[in-house]
Amino acid sequence: MPLTLTRRDILKFVGGSIAGIMVTPIPWKLLDDVSIWTQNGPWIPKVPRGALTTSFSTCALCPAGCGVQARCVNGIPYFLSGTRNHPVNNGTLCPSGVAAHHLAYHPLRLKTPVQVTRGNGTIEVRPVSLDDVLRKISVASGNSTGAKGSLALLDQRPGRTVSLFYRKQLARHDHGIYLVSPTDPILITQCLDEMAETPFGPVGYHLENVRTILSFAAPVLDGWGTPAQTSPMLRTRHSSEQNAVKVIQIDSRHSRSAQLADQWIPLKPKTEAALAFGIAHVIIRDGLYDKRVIGRRIPDFNIPGKHSYSDLIGRFTPDHTSELTGVSSDVIVSTAHSLVARGPSVAIGDGDSGGGPLGKEAEIAIWGLNILLGALESNGSIVQRREAPVPEGFSSKELSPVMGISAIPDHSIGLLLIDGSDPGDPLPWSLLERKLIPRQSLVVACSPTLTGLAQHAQYVVPTPAHLEALTDIPTIVSSATATFSISAPLLKRPEGMTDAIEIMAKVFETEGSMEDLLKQRTSAIFATRRGCVFKAGTGTTVPITELGSPDEFWTELTAGGMWTDDPIRSKPFFQFHFMGRAPDAYQRMLDAGEAVSPLDGPLTPEMLTVLPYGRRAEVGGAQLSPLMTKLYQESGLHRSSKVAVLNPATAKKFDLVHGEQGILATACGTQKVGIRVDAAVMPGVIEIAAGPEPIGQAGNEIVQEQNILELIDPDQALPWRAFRATLRKA
Amino acid sequence: MDKHLITRGVQRSPFWKFILWILPWGMLLGWGLYGAYLCLAEGLNQTNMDNRFAFGLWIYLDLTVIAFGAGAFFTGFLLYILKRHELKSVINSAVVLGLICYSGAIAVLMVDVGQPLRAWFTFWHPNVHSMLTEVTFCLTCYLTVLILEYAPIVLKNRQIRKIPSYLVFEFNLHKLMVVFAGVGAFLSFFHQGSLGGLYGVLRGRPFAFREELGIWPSTFFLFILSAMAAGPSFILLTTWLVEKLSRKRLVKHETLSYLGKLSGIMLTVYILFKSIDTLIWINSTSPSSGFPAFEYYDRAAFGTWVLFAEVVVFGLLPALLLLRKRFREHRGWLITSAVFVLAGVALNRFVLTIQTLALPTLVFDEFLSYLPSWQEVATFSLVIAYGVVLYSVSFRYLPLFPQERELAQSY
Amino acid sequence: MIKKGSPGFWSGFGVALVIGWLAFPRILYRSLEQPVQFSHAIHTGETVGMTCDGCHTFSNDGRFAGIPTLVQCAGCHADVVGETEAEEHFVKEYIKQRREVPWHVYARQPDNAHFSHADHVNVGGIVCERCHGSHGTSGSLRPFEENRISGYSRDIWGANISGVKSNAWEGMKMNDCVACHNENNHRSACLDCHK
Amino acid sequence: MLPWVYEFRWDLGHIIFLGVFYSVVILIAFTLVRALIRAIRDFKNHRVDHIMWQATFEDLPTPVRACRHELSGEVANRTCPNEFDCRECRTHELFLRKNPASPGGTTPRASGEEQLFGLSFPLDRYYDRGHTWVQPDKDGTVKVGLNDLGARLIGSVENVQLPVIGSRLEVHGTAWHVTRGGADTRILSPIEGTVVEVGGPGKGWYLKVRPEGMETAVRHLLRGAEIKPWLTRELERLQFALSADGVGMSLADGGVPVEDLPKSSPKTDWDAVWGEMFLEA
Amino acid sequence: MDQATVKQSRYGMAIDLDRCTGCGACLMACAVENNVSPGRPTVNERTGTTWMRVIEVQDGRAFPAAETAFIPMMCQQCEEETPCVSVCPQNAVEVDPETGIVGQIPQRCLGCRYCMTACPYHARYYNWWDPQWPEGMEKALNPDVAPRMRGVVEKCNFCHGRLHDARAKAAAKGSREINPTDYIPACVESCPVQAITFGDLNDEAADVARQAKSERAFRFLSRLGTEPKVYYLSGRSWVQRLADRELARSKKETVHG
């Protein structure tokens, strides 16, 4: 019979196959496997499997230097927490620290040295060899010795042992300048040096002695001191406990510290000096200070026939101060009274990271207040501090002086080397750029990522990322005693990473290795047999004398340990000039006090006052884990640099509503910002974070970071904590 | 061109005209498919839904079209079970509309869920206490029923009916239609209800939450009633619309009037219970969970007028109109009333789906706004375009209106 | 209309059965040879006399180390022991080069399953053979069969494509876990086994 | 879903929910299978023709489906419930009993011809609604042919597909097929029986059929006084069918259809007209 | 289920809002611990995934009187009528009778998001995108928590991976009873001001049980009757009044976020 297939036969066959398939595993197993595929598909990352261990180190993201305990899988940290009992953080970590182990995987991480070209909104990079960069530096360095400008090294983490190395090398160089960010606490030391009759040295705070803190815009409850200092204060907030610390926050911004403080005194921007004078006025007027001490120890307190502090203060009556600062005279009086009644009290300046320093005069005014309040008495809350011992050859006379940006003439730097690029504190590039010789200068940054100032450099050399690098942690400004700890690598650094010290050593044609340097330092500290050592593994603190050798000390330090100096007995009281020792001190202080707030500045209807701010360790993009989108974009808990916060009345004035986009403009440029309305913000101001956005998923494209500080007019110079800008609808 | 496919004794526009009519809808369909593809391939980030507005346009669409599609089950129930033969002239159209509404809703649901490949888990591991399980089961079962109800209509196509085996099968299937009508009514009853229960059980959303009657919240029953009111109106309106578009008389006015009457009766019952329910909710259910009811009508555009519009303007008013024969006899009033009925039910579904999510629960929540993305709108229009195309094709090639031939001859 | 009973229908039916039951399982799974041929029998046999927990150890926190690492093997196999080809290959390719062996693990569960050996062995008193069968006495390693779609080891679904199993160790799908848990009145919340 | 699948519990919720679900599924499946079985049975019982006619009948417009007693004026408004098959119709029986003079109960005269609207309708035969007639012969067979209107509608056909001798015809099953131009129609068989001889257009008859029991076999066919009212309606319908088509011709008032309608109006959609007149759906 | 041999726990939390500083360490620790992926460039407050979210609220007064509080908000682990459990069509959500923890199984979830509409705390998150990590970062994922996929819902489960760990640790000693100090969720561990207390509410001696009974304690939307197991503490009356709308209305101040 010939086989003829009709359509009907085929249909029958297909029908039979379908019926047959249904009684085989094919459809059912496929259904199951496909759904499993949606659960375990290749696009879903597999979690690591392997041995679990625990390691310790120290966080180097900000000056606090918290102890870090890392839970690791296959030796790679996957969860960080604070080291238990650590003197700095006592088992806690800030959000940046919690996610710090991600920084090694930052999407903008550099793998090779690059040449950077900035375009409009984007940045192009071209890989170059390290030798190329060194050759360029060598040429530029030759130029700088040949009177074509100076060689400046911007140290974005001053105070480290390697900083001493830099200063020593720069001192040997004819035109070497050691440059630090102006927000650095070194400014305070400079102020004190200007006030004190004899060199004063660094100070620290015994906050545990204090019952009232008067903070002049310092982020005291939000990253100024160490967690161990602020946690107790924060834990007793809203409690009726008598001895609980009371924090009075003087702040133009509704900052986090203002939110958390017991009292927030908002004042017109840039009128901190006036308010300090006003409070001092009440204290002096009502005789609430130790007349015996002040009369004896303050040379410029009252000099008949000459402009004295009393004269200066005399002008700042509560009413006048109120007019200047916008703070009611009742509040000024009551604040002064409560500072005295609820002592010991301390006033803290220092400014906010993104907002920049308060300015020298304001700092001096605040320190005057501290002396009036008795905070510098021998049993007061501010103490003198010894620095951690340094190795031989690093005494201060062998080092190049620490320079702030304002001390450097414009267009004078031929070669700028940057160590860091992601500091705790920002430096507006426009300020730095003015110091460079136009078109003939070379800027080279050592940075793990292409963020921050590195975006402005011509060449960037990749350095090991956080937790890959070996570095030491200098003493934080708030600490009453010297401390020293080491951030030892928890991760293996990838190929091609170079420590900044190696680059700098090559520039200065010398030898330098971080490990050697730190070993020298630890040996020097060990040699004094002073202080005690915290051991991370056990969570205990032992006198250094219990350690047998510098090596043992080194081992403890590199395993998340910390050295703390013995407290020193307060030196006898110094003689202080309340206005500083400069010849024109009176006039400068008066000007600073009488300075008109930008809020009262020339009023055009579209003008408002920009208050930039930032958190330590979160102004640099490389210090934000990609996961920090949770805080910035996904919860709004931290405001991104693209969000401007306004009072509803201000927003209304500019015809903007919550969620809209606005254009912020100054003579130096424009920036697009999202508008956020907040009734707690001072009318007439705009609060905006100076800092980058975290780069989350799929954020590998290099985009120029938007930073509000870029809008600062370099002519306006320091301080930049408030400036005028116009705002319009986007 | 396609004359041999068109039912005997009826006039259809020339093929090119038909193509011209289908073309824009086809393009809309294509756009919709692209939108749906994006949502499936790229994920639901293509939509403007978010964690707070987790249900959006699609769920609203589903709830609304399924309420409108209720005409299929209700008509079938009345025709086959209660033997209201007046409805014979619209049953086929009702079935097609039902099929479009249900298959469209399910298609959108498949785009709406994030993991359609695992959607069968609902059948394999059902949570029998979830309203959505009830909805899923009933929807799929009822869609099967609708396909089985639609099959005889397809088999009656002029060419297909020539195949004896098909026709004989159709004949026998049609004889058993009473079973499907019964099953359909049963399933519809439950899923219309469960769709109402969907929001009614949300204890965490006091705006939607209702006390339970038996094991179902009151919205369960309100949805059934309102769907029964909307269904006939939808058939009425589509029939009228098709008559206008095709310039043909398709059914007798008595049929439309009867549909209007059905709608009117059901709507009256619905509005009565809805009013009682609203009063209980305002005075007892909502305040007892810490939510003063007036606050719901205190935000953005959602004033008490919404409630007024839903209950009075689009509820009581068309109900009263449709109950009066005088108004039913008048085409204009009849159609307007039907539109009002549908608007009322659509508004009810909107309020329940969209307003519920827009309203804050925690004290510090904000009132949220949500505007669908083009992908969502595209997927939405996919269903509409698909419906128009399927209906147009069915209307052209299948005997949707048995009275048409007769009415055409009595012109 | 398709009339049941016509030859066309049944031939289609038959072909489907053959494909579904015989060809499909072969297509569905990819067969992978283990990188090193390992004999459990030799190690646990009388001459060597090792026990399961000699290599498959627990750590203090109750985690199961699973397959031993190279370090443990190197204890004995620093140099070629015996004369087998597999041994030579192992020492040359892995021990000498300090490369971990990329074993294909038959019983590996996906990431979303949490399984504590400590819970089952220490608390539940279950012996290794209950779930791993006679693997501990096998003379060689059979090829690893990987599901091409889901990526699962065939051991998870079970050797029998129908999913029917006659021994506890044949198949480790969720249903198998649940069945045992139900039998023994153990925890049955989803999150007890899912992570 | 199933008792052995994880998370199934023998609790009330599962039992009720899944119980209802499975009941529904089983009911749907059962109904489907039942329809299938019935369809197969109908095939086996040769009920295909009958069912096809039944389905067609249902889709005819109501006026077309009028009862013969409505045509004869015995009842005001009655739609035939039996697909024009009066053989088993109780109502027909009642009508006949009640009104012995009912035209449906008459027997055709042996001869005589009636001219209706210019069409020839011999009174010696029975007429079916599908425009065929049945003329009993002495030998117990009947001749089946197209009536005058039917013949004119079709005109000179191109192709006639007649059944083979010996095949069985069902009442209102397909008797033969006619094709002309693009149009195609099946002619309904007016009678049930076996084909004993085939004719054609030229012979004046198409089929010779041997029915079973003449008395009942023709009971449903129109006769005598029934013809005129029916034909009136048919001509009206034809008029409408022709006018419905834009290009169609129209029968002048009282006009007589020409011998070959398709030829006289080639542009008319004859498929539609045939379908209408030969009761297709 | 054999519950006689196993201790019944009701894990709960007490969060002191007077201590919380809104630093966000809990939020970050939560994301790190639970392998939550970084957000896309376009992600926002409504599309992001933050199992734990700190919400900044003000008392509604204007400058300069405004007072701020921070409310860490995560799954409130409702015990009764748990809104998300009954709605899930396929049993992807359940309350573990042994621990009281509301579990969410993303691998079972089909992404219908019904549970999200049911949750009055907005504590459930949908993966609108495929979770992705920057290259290499997957090596730093927590081995105890499975990453999710696009199109499913996830939420806080009191760091269940840590409960697994604690159980394994107990099992290593042959015990089924965990040591309470072994099971501490990441947010609790990382809070710099110890604002969060965690433990077994059934354990009278546990800190959390005592705190839950404190006069300062309240729960959000407790009138819904869902019996959440996360308690909040505050001595500030305006903060306490945030608990629900009736309360918020009891004083003339309006409160907004």
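All values below were derived from every heavy atom in this structure, side-chain atoms included, with hydrogens, water molecules and symmetry-related copies excluded. Here is how names work: the chains are called A, B, and so on, in the same order as the sequence lines, proteins then strands, and each is numbered from 1.
Between chain C and the residues A:Val34, A:Leu52, A:Val14, the largest count of heavy-atom pairs under 4.5 Å involves A:Leu52. Heavy-atom pairs under 4.5 Å with chain A peak, among C:Asn112, C:Asp61, C:Ile149, at C:Ile149.
Between the side chain of A:Asp9 and the main chain of C:Gly8, no donor-acceptor pair closer than 3.5 Å is present.
A 6.0 Å sphere centred on CD of C:Glu93 holds more than 12 heavy atoms belonging to other residues, nucleotides or ligands. Around CD of C:Glu85, the count of heavy atoms belonging to other residues, nucleotides or ligands within 6.0 Å does not exceed 12. Atom CZ of C:Arg130 has 12 or fewer neighbouring heavy atoms from other residues, nucleotides or ligands inside a 6.0 Å radius. Sparse packing is recorded around CH2 of A:Trp37, with 12 or fewer heavy atoms of other residues, nucleotides or ligands lying under 6.0 Å away. The environment of CD in A:Glu495 is sparse: at most 12 heavy-atom neighbours from other residues, nucleotides or ligands sit within 6.0 Å.
Minimum heavy-atom separation, C:Gly20 to A:Pro25: O-CD, 3.4 Å. In this structure, A:Val23 and C:Trp21 approach most closely via the heavy-atom pair O-NE1, 3.1 Å. Closest approach of C:Gln109 to A:Arg49, counting heavy atoms only: O-NH2, 2.8 Å. Between C:Ala16 and A:Ser17, the shortest heavy-atom contact is CB-O, 3.3 Å. When all heavy atoms are compared, the tightest approach of C:Ser150 to A:Asn40 is O-CB, 4.5 Å.
The CG atom of C:Leu28 lies 7.0 Å from the CG atom of A:Leu30; values are rounded to the nearest 0.5 Å. How far CZ of C:Phe24 is from NZ of A:Lys29: 7.0 Å, rounded to the nearest 0.5 Å. Atoms OH and CG, on C:Tyr152 and A:Asp32 in that order, are 8.5 Å from each other to the nearest 0.5 Å. Between atom CZ of residue C:Phe13 and atom CD1 of residue A:Ile18 there is a gap of 12.0 Å, rounded to the nearest 0.5 Å.
Interface remark: C:Asn147 contributes side-chain atoms only to the contact with chain A (heavy atom separation under 4.5 Å). Using a 4.5 Å cut-off between heavy atoms, A:Pro48 does not touch chain C at all.
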task = List the steps, then state whether side-chain contact (heavy atoms from CB on, under 4.5 Å) holds for C:Arg148 with A:Asp33.
result = CA-CA 9 Å; C:Arg148 287 179 200 265; A:Asp33 282 349; over 6 Å; no
